[in-house]
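Below, chains carry the letters A, B, ... as their sequence lines are ordered, and counting in each starts from 1.
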Amino acid sequence: MTAALIGFALVLVLVLLRLPIVFAMGLVGTLGFAYERGDSIFSERGLKAAMSMVGRQITDTAQDYGLSVIPLFILMGLFVNKGGLARELYAVSNAFLGHFKGGIAMATVAACGGFSAICGSSLATAATMSKVAMPEMRRYRYSDELSTASIAAGGTLGILIPPSVILVIYGLLTETSIGKLFVAGIIPGVLGILLYLFAVRWTVWRNPESGPAGEKHGWGERLSALRSVWAVLLLFFLVIGGLYGAFDFHPLNLTFSPTEAAGMGAMGAFLIALSRGGLSLSSTFEVLKETTYTAAALFSVVIGAQIFSNFINLAGLPEALIALVTAYDVEPFVVILMILGIYIILGCVFESLSMLLLTVPIFFPLVTSLGYDPIWFGIVVVVVTEISLITPPVGLNVFILKGVVGDVSTGTIFKGVTPFWIADIFRLALIVLIPWLVLVLPEHMGAMGH
Amino acid sequence: ADYTLTISSWAPPTHGINAKMWPKFVEMVEEATDGQVTAELKLGIAPPPAQMDLIMDGAADASIIFHGYQPGRFVTTKLIELPGFEGSAEAASVAYWRAYEKYLKEADEHRGVKVIALHTHGPAQLHTSNAVTSLDEVSGLKVRIPGGVGGDVGTALGATGIQVPAPKVYETLASKAADGVVMPFESRKGFKLTEVAQNVYEVPGGLYRGSFAFIMNEDTFADLPADLQQALEENVFGEPLSREIGKIWDEIDTIGREETEGTEGNAINTASAEDLEKFNAIAVDVRTKVIEEVNGAGIDAQAAYDMIVQEMAAQ
Amino acid sequence: MQSLVTLARRISVFPTLLACVALFILMVMTFCDVILRSVFNAPIEAATELTRILMAILVFSVLPMISAGKGQIAVDLTDGVFSRLRLSRARDAVVYLISGIILFWPIQRVWVLAERARDYGDVTEYLAIPVFYVGWFIAASTAITAVAMIVTGLLYIFAPHTLSEHHQ
Ligand code: NA
Ligand code: NA
């Protein structure tokens with residue numbers, strides 16, 4: 001256990017010295033594994049054992065069938081964007097919500113939710129929507145606080161509403177069904193949208209100047225805007241419906257594994273973008289290139305995390321934690337609260353993926369040994385990860401907004417984000433107290449066709 | 001204990017392999033060495049095909065491998081997988097070890113690691129969501145069958161193979177990506193097939209039997225004092241361990257069968273006499289092919305096959 | 001020196017193209033597999049093993065580029081401190097050198113494992129593609145990654161102006 005804690009501290013130090021996560025976790029994991037398998041860190045026998053584990057981890061992770069969803073879902077999101085769908089999504093939500101007080105910020109939140117349904121990353125959602133929604137909110141003289149905060153917070157939904165890169169990696173690290181995790185994210189995601197809408201209303205109620213009403217759109221305009229987003233809806237229903245087993249009509253059964261859903265989604269997005277003239281040969285190449293680069297970076301950190309978690313596993317940290325909890329006879333619920341507390345503190349400084357990679361190997365065995373559902377814990381982890389994206393001092397979504405918008409201080413954005421952050425904490429409490437919200441959909445998966 | 005071995009295993013935590021077989025191994029080792037040697041189980045260090053490399057290089061001390069996960073590497077292990085043997089997994093495992101000692105060892109397919117037990121699961125049957133009542137209905141089904149003899153039998157029956165590792169079987173069936181799976185009865189509980197594949201088509205003797213080995217790092221064994229080595233060799237490794245593990249496969253098969261019989265909506269359809277005759281003809285073809293293949297590895301395959309049949313009948 | 005860096009960047013188009021082709025094939029193959037299976041009841045049996053190989057190609061082809069560029073995921077919490085202390089360049093040099101050097105051992109091991117797979121005759125299930133080819137490919141591209149990272153580290157020390165494109 002001591003070795004594991006030292007290793008954990010060492011990873012933190014190396015990561016803060018800006019060593020890429022894969023090298024920090026990989027190096028410490030390797031030396032730790034060598035220590036556990038040999039007499040010392042540098043014994044020949046231990047190093048050979050560790051290197052063999054590392055070598056296999058590199059080749060096996062790169063060829064893990066389950067991980068193939070990552071490049072395919074990233075590809076889907078990028079193709080969809082080339083087809084101009086983000087703009088259309090925004091136009092629809094604006095046509096329906098824009099005329100309320102704070103309505104354009106509400107439209108932004110709704111459009112973020114819609115974009116999350118085709119994009120697996122929160123950062124990409126925030127970056128895309130800031131380009132689309134920010135100019136509109138400025139045109140209507142929305143306060144910078146409210147405009148940037150609604151995008152930064154709305155963008156966090158990207159990793160909760162399926163598809164989600166973070167859920168894929170959680171599923172992979174914990175051997176939990178990725179399909180079920182995706183479906184489990186739907187209700188908490190919708191809950192997130194609703195609570196963010198309340199946060200917007202609250203902000204406008206406190207300060208009516210911050211979000212004046214926009215124009216009212218007639219039903220003709222609304223319907224024509226709706227018609228243009230059929231493609232997004234189609235893709236989402238194809239992907240999630242296929243995963244859920246909703247198209248299982250005998251003799252045709254269009255039901256997908258996550259990889260297949262991702263492949264269908266990517267191909268569909270490609271065809272939509274192509275049919276709209278949004279793709280040239282060179283822009284297709286750009287999309288493919290960006291996808292492979294992102295995928296390679298994600299695969300690298302997964303390899304690093306696997307190596308590190310093998311060391312943690314061998315060093316017996318999870319067992320030690322479980323023994324500790326049993327020895328002191330701590331209530332399971334108290335353990336969950338402590339873990340959540342740790343996450344919220346870590347979330348102040350850590351970026352989403354690093355937080356997940358560092359903590360899941362340690363907490364997952366403990367949480368499941370207490371009898372909690374692995375799917376539920378996955379969603380809880382993603383919700384706290386979402387919170388970390390807008391928690392000061394380091395909130396990546398806030399920084400993205402700062403990067404895209406430029407002339408707003410991060411202080412202003414963090415201030416605007418406060419009601420959204422409170423809404424998130426409220427949502428976390430709901431999910432922790434009522435696991436049903438998470439588990440009801442996955443429990444009925446695959447049962448629809450019968 | 002003076003020596004604690006690290007076991008690396010890959011099946012789900014509650015599966016018989018981890019819940020019963022490794023604990024049995026630890027129990028036998030402790031008993032044989034008066035508690036001087038023990039072992040602890042570590043799950044999820046690497047996927048199944050990586051286990052032999054891990055053991056060879058000492059990343060763990062002992063592990064379980066399923067030979068079908070490494071096509072090309074293991075050929076002689078196909079012999080025990082052939083359909084048509086009559087008898088329990090215990091009988092098959094003991095016969096397997098004896099045939100290994102006498103014939104199969106020579107092919108040296110496990111070079112680099114110490115083989116400490118060989119065993120097979122119970123006869124594998126076809127599990128499907130829609131009921132299959134005759135052999136002809138298998139043709140055209142999308143079925144998950146692991147490599148090796150199972151694959152040959154599936155092809156001969158006209159099924160289309162779907163490749164997924166055992167822990168992903170539940171998801172694959174639930175999503176209807178496959179119509180069925182060929183696995184032993186124990187999987188009905190071990191992999192929750194009672195929920196996603198309600199029907200079993202049972203062929204007495206099974207469509208094949210999967211071949212497994214327990215393996216150990218050579219240096220780990222060499223580092224033990226001579227008296228402990230001897231105690232392990234005499235009382236645990238080889239036939240004793242193979243027999244005990246075979247017994248557990250039989251035991252969890254029974255649990256799987258009882259679970260099926262006790263689950264509403266589950267049904268077991270046994271192959272008719274005509275179908276059995278039809279299947280036996282297929283089995284003969286597969287056997288001829290495999291025996292030829294094993295001969296290619298420099299083994300007198302027919303003699304080894306005959307020995308397995310006799311040993312199983314004798315028990 | 002500058003021309004060498006430019007040349008390296010030009011050459012990197014080829015592995016990127018390879019990765020893009022692998023990804024495109026993966027997408028089309030997955031789509032076809034689902035359609036063939038659902039509509040014609042005839043899935044592509046080798047789809048799983050081809051998926052595995054295509055992934056190894058698409059990830060490892062671009063590994064040198066993302067590793068030598070700033071593509072590897074890192075935590076930039078302390079960037080401000082380093083730049084105030086004017087240590088950013090020194091830190092980057094050290095990070096690249098260490099990362100490149102420690103890759104030496106895994107590369108060696110991946111190679112040994114590939115050779116072992118060749119010795120045992122490991123092949124894929126349906127197409128009987130020898131497994132060691134993938135191992136060779138991974139070892140080779142990781143080796144290129146290591147060299148690229150070490151060179152980048154050295155450039156940070158001796159010729160930082162050649163790397164200006166990295167800081168766009
Ligand atoms: Na999403
Ligand atoms: Na944060």
Side-chain angles (χ1 to χ4, degrees), chain A residues 15-24 26-27 30 47-48 51-52 54-56 58-59 62-65 67-68 71-72 75 242 247 251-256 259-260 262-264 266-268 270 284-285 288-289 291-301 349-351 353-354 393-394, chain C residues 16-17 19-24 26-31 33-35 37-39 41 48 51-56 58-63 65-67 69 71-79 82 91-92 94-95 98-99 102-103 105-114 134-135 138 142:
Chain A
V15 159
L16 288 178
L17 291 173
R18 216 185 200 292
L19 196 63
I21 293 174
V22 44
F23 294 110
L27 180 65
T30 308
L47 281 176
K48 183 179 166 198
M51 287 330 301
S52 187
V54 170
R56 281 302 310 209
I58 292 173
T59 46
Q63 297 181 76
D64 189 309
Y65 180 77
L67 269 181
S68 57
L72 290 170
L75 192 60
F247 314 130
L252 182 80
N253 62 59
L254 264 178
T255 37
F256 316 143
T259 296
E260 292 166 350
M264 297 296 281
M267 190 73 183
F270 172 66
T284 307
F285 175 71
L288 290 167
K289 177 181 160 183
T291 306
T292 58
Y293 277 35
T294 312
L298 287 170
F299 274 59
S300 302
V301 292
V349 286
F350 274 100
E351 162 275 328
L353 191 58
S354 355
V394 182
Chain C
T16 306
L17 204 58
C20 291
V21 171
L23 176 59
F24 197 79
L26 177 62
M27 176 183 82
V28 175
M29 184 185 74
T30 311
F31 176 78
D33 184 33
V34 173
I35 298 298
R37 187 191 71 212
S38 313
V39 184
N41 209 28
T48 307
T51 300
R52 291 174 198 277
I53 294 172
L54 287 168
M55 286 208 308
L58 86 86
V59 167
F60 278 91
S61 300
V62 299
L63 194 68
M65 276 77 78
I66 67 151
S67 304
Q72 288 289 10
I73 299 172
V75 171
D76 53 7
L77 216 58
T78 52
D79 278 13
F82 276 104
R91 177 206 58 195
D92 285 347
V94 172
V95 161
I98 289 181
S99 306
I102 60 176
L103 277 177
W105 290 271
I107 293 164
Q108 210 184 20
R109 204 65 208 169
V110 171
W111 184 267
V112 169
L113 293 175
V134 181
I138 292 175
T142 315

Of all of [options], which one pairs up most often with chain A through heavy atoms under 4.5 Å apart?
options: C:Val112, C:Val110, C:Thr30, C:Leu103; result: C:Thr30
options: C:Val28, C:Leu26, C:Thr78, C:Leu23; result: C:Leu23
options: C:Ile35, C:Val62, C:Leu54, C:Ile53; result: C:Val62
options: C:Ser99, C:Ala19, C:Ala56, C:Ser67; result: C:Ser99

> What is the distance from atom OG1 of A:Thr59 to atom CZ of C:Phe60, rounded to the nearest 0.5 Å?
Replying inline: 8.0 Å
Which one of [options] has the most heavy-atom pairs closer than 4.5 Å to chain C?
options: A:Gly55, A:Ala62, A:Ala262; answer: A:Ala62
options: A:Ala295, A:Ser52, A:Gly26, A:Ala24; answer: A:Ser52
options: A:Val301, A:Ile58, A:Leu298; answer: A:Ile58

With a 4.5 angstrom heavy-atom cut-off, is it the side chain or the backbone of [X] that approaches chain C, or both, or neither?
X: A:Tyr293; result: both
X: A:Leu75; result: side chain
X: A:Leu47; result: neither
X: A:Phe285; result: both

Quick check: closest heavy atoms across [X] and [Y], and the distance to 0.1 Å?
X: A:Met264; Y: C:Phe31; value: SD-CD1, 3.6 Å
X: C:Met27; Y: A:Gly263; value: CG-O, 4.2 Å
X: A:Pro71; Y: A:Thr291; value: O-CG2, 3.2 Å
X: C:Met55; Y: A:Leu67; value: SD-C, 4.0 Å

> With distance as the sole test, does C:Ser61 use its side chain to make a donor-acceptor pair with the main-chain N or O of C:Leu58 at under 3.5 Å?
Replying inline: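 Answer holds: no.
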>> Any non-hydrogen side-chain atom of A:Phe299 less than 4.5 Å from a side-chain atom of C:Leu63?
In response: no
> Is chain A contacted by the side chain of C:Thr48, its backbone, both, or neither, given a heavy-atom distance below 4.5 Å?
Replying inline: both
> A:Val22: what forms a side chain to side chain contact (heavy atoms under 4.5 Å, CB included) with it, not counting sequence neighbours?
Replying inline: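 Only A:Pro20, A:Ser300, C:Gln72 meet the side chain to side chain contact (heavy atoms under 4.5 Å, CB included) criterion with A:Val22.
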